[in-house]
*Asks:* 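Before I ask anything, here is the structure I am working with.
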Amino acid sequence: MSGGTLPTVLVVDDEPFSVASMRMALEDDFNVLEATDAEAAWRLLEENWVQVVVSDQRMPGRTGVELLSDVRDRWPETVRIIVTGYTESSDMIDAINKAGIYQFITKPWHPEQFLMAVRNAARLFELSREHERMSLEMRYLGNTATQKMQARRQQAQEAAGFDKVLRGTGSPLNPTIALARQYASFEVPVLITGEAGTGKGDLARAMHYGSLRADRPFYKLNCAGMSDEVLAAELFGAKRGAVPGAVQARAGLLQKADRGTLFLNGVDALSPAMQLQLLHLVTEGSFQPVGGHEILQSGARLLFGTHRDLRAMIQRGQFRSDLFFEMAVTELAIPALRSRVPDIPLLAERMLHEAAELHGKPVRGIARPALAFLESYDWPGNLPELRNEVTRMLILAQDMTLGPELISRHILQAGNHGERAEGAELPASGTDLCTLEGTLKERVELMEMRILGETLTRLKWNKSKAAAELGLSRVGLRAKLDRYGIEPHASVSEED
């Protein structure tokens, strides 16, 4: 045996010579304890950690089987060996039944055979302990893994639920969220409307995780820009060889989302043929894979999204009215970002910190003057446009707090440039000079106000740089600022 600490073996025999012989055979490999009767052996067992007990069978008082039976009850992991000069079958059976004997050794025994038997017994003890330890670890790890999986699933559901749809206390989105919470638990189709980029997919996902299907999969598919063949294969699946280039059969999203939720966005882009197939799916709950002949049932809940007015499309003959009424059992309208001004600071800050974490660039936040510009912009691209702008600001930032000078010029020109003359309003972003209302002088003044404010903000209100860029003297620039009532935000200091 190798190792720092030798295993402990207790040898019990009423003959001192036999005890000495066993000790001599074992002492190089084991820490040997000696006893000449059962009582002495029991005291040693209570005082020492013994791996193996080797006992003679016939001793005065208690026999070896009786001793080892008690050892089995008190220390069941200790391996027990009987040494006997008698081989009656009744004794062996009794020993096995009562004491759980590992091995019989008959007298006279050979030292090498005796040593090998005890070595095997000690190894059995070690393996038994290792098995017990591993069983406990596996049980613990299994419970821990299950708990972690449940916790992660709960976190994922919470992160993808209605709380992910960030909004302020008085947000125009709140009534829509309240309706979505009610619709979530009812197994009916829902039509979600709103401009592109308003977060229809996030709302659909939140409804899924707010429903009884939360532990099942959620899938989404944008139907816009897809041919009928590709869309049918994605949605219904395809048999082997039915789709060019596909050598194996593929399952469609209706099969993958079984008992879960499937969100189909861009349904306004469906061709008449796909509208008819979708109508059959919604009314019958069944579909046919591309290239297949069997009819499959769908257990997926369907949610639909569109950024166009389907009722107007019905009037123009571009969309089936029967499909519309099957999809729009309930409707949810998501307001555009320009209608959610109170939400813009919250959204911008969260997008900033998400981008900072993604790109590994530490940041503190967005300065209040910069948020004022973001709030004043129309955001025709909605959430993706805001995310792109915040990411660009993060990339350009040299300070921990992002200021208005980082904002794109078209947003600065459209935003609030401080205090203006009473009644003066800047034209919206992207406004052409020829489309402005009023006299030529009024139109020119409005554009001039926009350019002055954008330039000063971008240059951090450094009037010398602004005057040089605009081709004005400092006196001329000051006169124009006074005329239009343009002043920096309270937290912005002017620079010469």
*Asks:* Tell me the salt bridge (charged side-chain N to carboxylate O under 4.0 Å, His left out) pairs involving residues 181-194, sequence neighbours left out?
*Replies:*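 As it turns out, the salt bridge (charged side-chain N to carboxylate O under 4.0 Å, His left out) pairs with a partner in residues 181-194, which skip direct neighbours, are Glu187-Arg213.
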*Asks:* For side chain to side chain contact (heavy atoms under 4.5 Å, CB included), just list the numbers for Arg205 and Phe263, CA-CA rounded to whole Å, side-chain angles, deciding distance to a tenth of an Å, and then say yes or no.
*Replies:* CA-CA 8 Å; Arg205 187 186 298 274; Phe263 174 57; over 6 Å; no
*Asks:* Do Leu221 and Leu231 come close enough that some side-chain heavy atom pair is under 4.5 Å?
*Replies:*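 Side-chain contact under 4.5 Å: yes.
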*Asks:* So, taking the atom named CG in Leu396 and the one named CD in Glu405, what distance separates them when rounded to the nearest 0.5 Å?
*Replies:* 10.0 Å
*Asks:* If you round to the nearest 0.5 Å, how far is CG of Leu173 from CD1 of Ile177?
*Replies:*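 CG of Leu173 is found 4.5 Å from CD1 of Ile177.
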*Asks:* Is any NZ, NE, NH1 or NH2 atom of the basic residue among Arg368 and Glu375 found under 4.0 Å from an Asp or Glu carboxylate oxygen of the other?
*Replies:* yes
*Asks:* Nearest 0.5 Å, what's the CZ-CG distance between Arg167 and Leu346?
*Replies:*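 If we round to the nearest 0.5 Å, Arg167:CZ and Leu346:CG are 10.5 Å apart.
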*Asks:* Apply side chain to side chain contact (heavy atoms under 4.5 Å, CB included) to the pair His359 and Ile395, showing each step before the final yes or no.
*Replies:* CA-CA 9 Å; His359 298 288; Ile395 294 171; 5.7 Å; no
*Asks:* Side-chain donor-acceptor contacts of residues 267-279 below 3.5 Å, not counting sequence neighbours, with atom names and distances?
*Replies:*
unit_1: Asp268; atom_1: OD1; unit_2: Thr306; atom_2: OG1; d: 2.8
unit_1: Ser271; atom_1: OG; unit_2: Asp228; atom_2: OD1; d: 3.0
unit_1: Ser271; atom_1: OG; unit_2: Asp228; atom_2: OD2; d: 2.7
unit_1: Ser271; atom_1: OG; unit_2: Met274; atom_2: N; d: 3.3
unit_1: Gln275; atom_1: OE1; unit_2: Arg320; atom_2: N; d: 2.9
unit_1: Gln275; atom_1: NE2; unit_2: Leu270; atom_2: O; d: 3.0
unit_1: Gln275; atom_1: NE2; unit_2: Gln318; atom_2: O; d: 3.3

*Asks:* With Asn382 as reference, evaluate Arg387, Arg340, Glu195, Arg338 under the side-chain hydrogen bond (donor to acceptor under 3.5 Å, both in side chains) test and give the passing residue.
*Replies:*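 Of the listed residues Arg387, Arg340, Glu195, Arg338, the side-chain hydrogen bond (donor to acceptor under 3.5 Å, both in side chains) partner of Asn382 is Glu195.
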*Asks:* Is the side chain of Ser321 donor-acceptor paired with the backbone N or O of Ile314 at a distance under 3.5 Å, no angle test?
*Replies:*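 No, Ser321 side chain to Ile314 backbone: no donor-acceptor pair under 3.5 Å.
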*Asks:* Does CZ in Arg350 sit with more than 12 non-hydrogen atoms of other residues, nucleotides or ligands closer than 6.0 Å?
*Replies:*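 For Arg350, atom CZ is crowded (more than 12 foreign heavy atoms under 6.0 Å).
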*Asks:* With a 4.5 Å cut-off on side-chain heavy atoms, are Leu323 and Phe304 touching?
*Replies:* no
*Asks:* Sub-3.5 Å donor-acceptor pair from the side chain of Lys200 to the main-chain atoms of Ile334, do we have one?
*Replies:*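 It does not hold such a pair.
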*Asks:* Determine whether a donor-acceptor pair (N or O, by modelled atom type, separation under 3.5 Å) exists between the side chain of Gln255 and the backbone of Gly252.
*Replies:*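 Between the backbone of Gly252 and the side chain of Gln255 there is a qualifying donor-acceptor contact (under 3.5 Å).
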*Asks:* Without swapping roles, check the side chain of Asn222 against the backbone of Ala224 for a donor-acceptor pair under 3.5 Å.
*Replies:* yes
*Asks:* Counting only N and O atoms by type, is there a donor-acceptor contact under 3.5 Å from the side chain of Thr176 to the main-chain atoms of Ala333?
*Replies:* yes
*Asks:* Determine the minimum heavy-atom distance between Gly210 and Ala184, stating which atoms define it.
*Replies:*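 Taking Gly210 first and Ala184 second, the nearest heavy atoms are O-CB, 3.8 Å.
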*Asks:* With salt bridge (charged side-chain N to carboxylate O under 4.0 Å, His left out) as the rule and sequence neighbours excluded, what pairs involving residues 272-282 come up?
*Replies:* none
*Asks:* Determine whether Arg129 and Glu126 satisfy the following criterion, salt bridge (charged side-chain N to carboxylate O under 4.0 Å, His left out), listing intermediate values before the conclusion.
*Replies:* CA-CA 5 Å; Arg129 297 280 293 187; Glu126 181 181 341; over 6 Å; no
*Asks:* Side chain of Arg301, backbone of Phe186: donor and acceptor closer than 3.5 Å?
*Replies:*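 Looks like yes, one N/O pair under 3.5 Å.
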*Asks:* Please report, to 0.1 Å, the donor-acceptor pairs under 3.5 Å made by any side chain of residues 290-297, with sequence neighbours excluded.
*Replies:*
unit_1: Glu294; atom_1: OE2; unit_2: Lys239; atom_2: NZ; d: 2.7
unit_1: Gln297; atom_1: NE2; unit_2: Gly285; atom_2: O; d: 3.3

*Asks:* Quick one: closest heavy-atom pair of Thr198 and Pro335, and the distance?
*Replies:*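 Heavy-atom minimum between the residues: CG2-O, 3.9 Å.
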*Asks:* Students often mix this up, so state it plainly: with edges at 30° and 60°, are the rings of Phe236 and Phe287 parallel, tilted or perpendicular?
*Replies:*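 Because their plane-to-plane angle is under 30°, the rings of Phe236 and Phe287 count as parallel.
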*Asks:* Glu234 side chain to Leu253 main-chain N or O, any donor-acceptor pair under 3.5 Å?
*Replies:*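 The answer is no, because no donor-acceptor pair under 3.5 Å joins these two groups.
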*Asks:* Can you name the residues that form a ring pair (Phe, Tyr, Trp, His ring centres under 6.0 Å) with Phe125, not counting sequence neighbours?
*Replies:* Trp49
*Asks:* Work out which heavy atom in Ser298 is nearest to a heavy atom in Asp258; give both atom names and the distance.
*Replies:*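 Looking at all heavy atoms of both residues, the shortest contact is C-OD1, 4.4 Å.
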*Asks:* Could you grab the distance from atom CG of Leu302 to atom CG of Leu191, nearest 0.5 Å is fine?
*Replies:*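 Spacing of CG (Leu302) from CG (Leu191) equals 12.0 Å.
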*Asks:* Measure the spacing between CG of Leu303 and CZ of Phe218 and express it to the nearest 0.5 Å.
*Replies:*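 If I round to the nearest 0.5 Å, the distance is 7.0 Å.
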*Asks:* How long is the straight-line distance from CG of Leu383 back to CG of Asn388, given to the nearest 0.5 Å?
*Replies:* 11.0 Å
*Asks:* What's the shortest heavy-atom distance between Ala370 and Pro404, and which atoms?
*Replies:* CB-N, 3.6 Å
*Asks:* Would you call Asp322 and Thr283 a side-chain contact if the rule is heavy atoms closer than 4.5 Å?
*Replies:* no
*Asks:* What I'd like to find out is whether the side chain of Lys256 reaches to under 4.5 Å of the side chain of Pro217, using heavy atoms alone.
*Replies:*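 No, their side chains stay 4.5 Å or more apart.
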*Asks:* For a 4.5 angstrom cut-off between non-hydrogen side-chain atoms, does Val363 reach His353?
*Replies:* yes
*Asks:* Might you point out which heavy atoms bring Ala348 and Leu371 nearest each other, and give the distance in Å?
*Replies:*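 In this case the closest contact between Ala348 and Leu371 is CB-CD2, 4.3 Å.
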*Asks:* Does the side chain to side chain contact (heavy atoms under 4.5 Å, CB included) test come out yes or no for Glu349 and Ile366, once each step is laid out?
*Replies:* CA-CA 7 Å; Glu349 289 284 357; Ile366 303 176; 3.6 Å; yes
*Asks:* Run Gln182 and Thr330 through side chain to side chain contact (heavy atoms under 4.5 Å, CB included) and show every step you take.
*Replies:* CA-CA 11 Å; Gln182 289 184 276; Thr330 54; over 6 Å; no
*Asks:* Looking only at heavy atoms, which two atoms of Leu374 and Ile344 are closest? And how far apart?
*Replies:*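 What the structure gives for the nearest pair is O-CD1, 3.8 Å.
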*Asks:* For the backbone of Gly197 and the side chain of His307, can you confirm whether one donor and one acceptor N or O come within less than 3.5 Å of each other?
*Replies:* no
*Asks:* Do we see a donor-acceptor contact under 3.5 Å between the side chains of Glu389 and Tyr377?
*Replies:*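 The criterion, which ignores hydrogens and geometry beyond distance, is not satisfied for Tyr377 and Glu389.
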*Asks:* Going by salt bridge (charged side-chain N to carboxylate O under 4.0 Å, His left out), name the pairs with one or both residues in residues 325-335, residues two or more places apart or in two chains.
*Replies:* Arg311-Glu331
*Asks:* Say whether, by atom type as modelled, one donor and one acceptor occur between the side chain of Lys220 and the main chain of Gly201 under 3.5 angstrom.
*Replies:*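 Absent.
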*Asks:* Distance alone, cut at 3.5 Å: any donor-acceptor contact between the side chains of Arg392 and Ser408?
*Replies:* yes
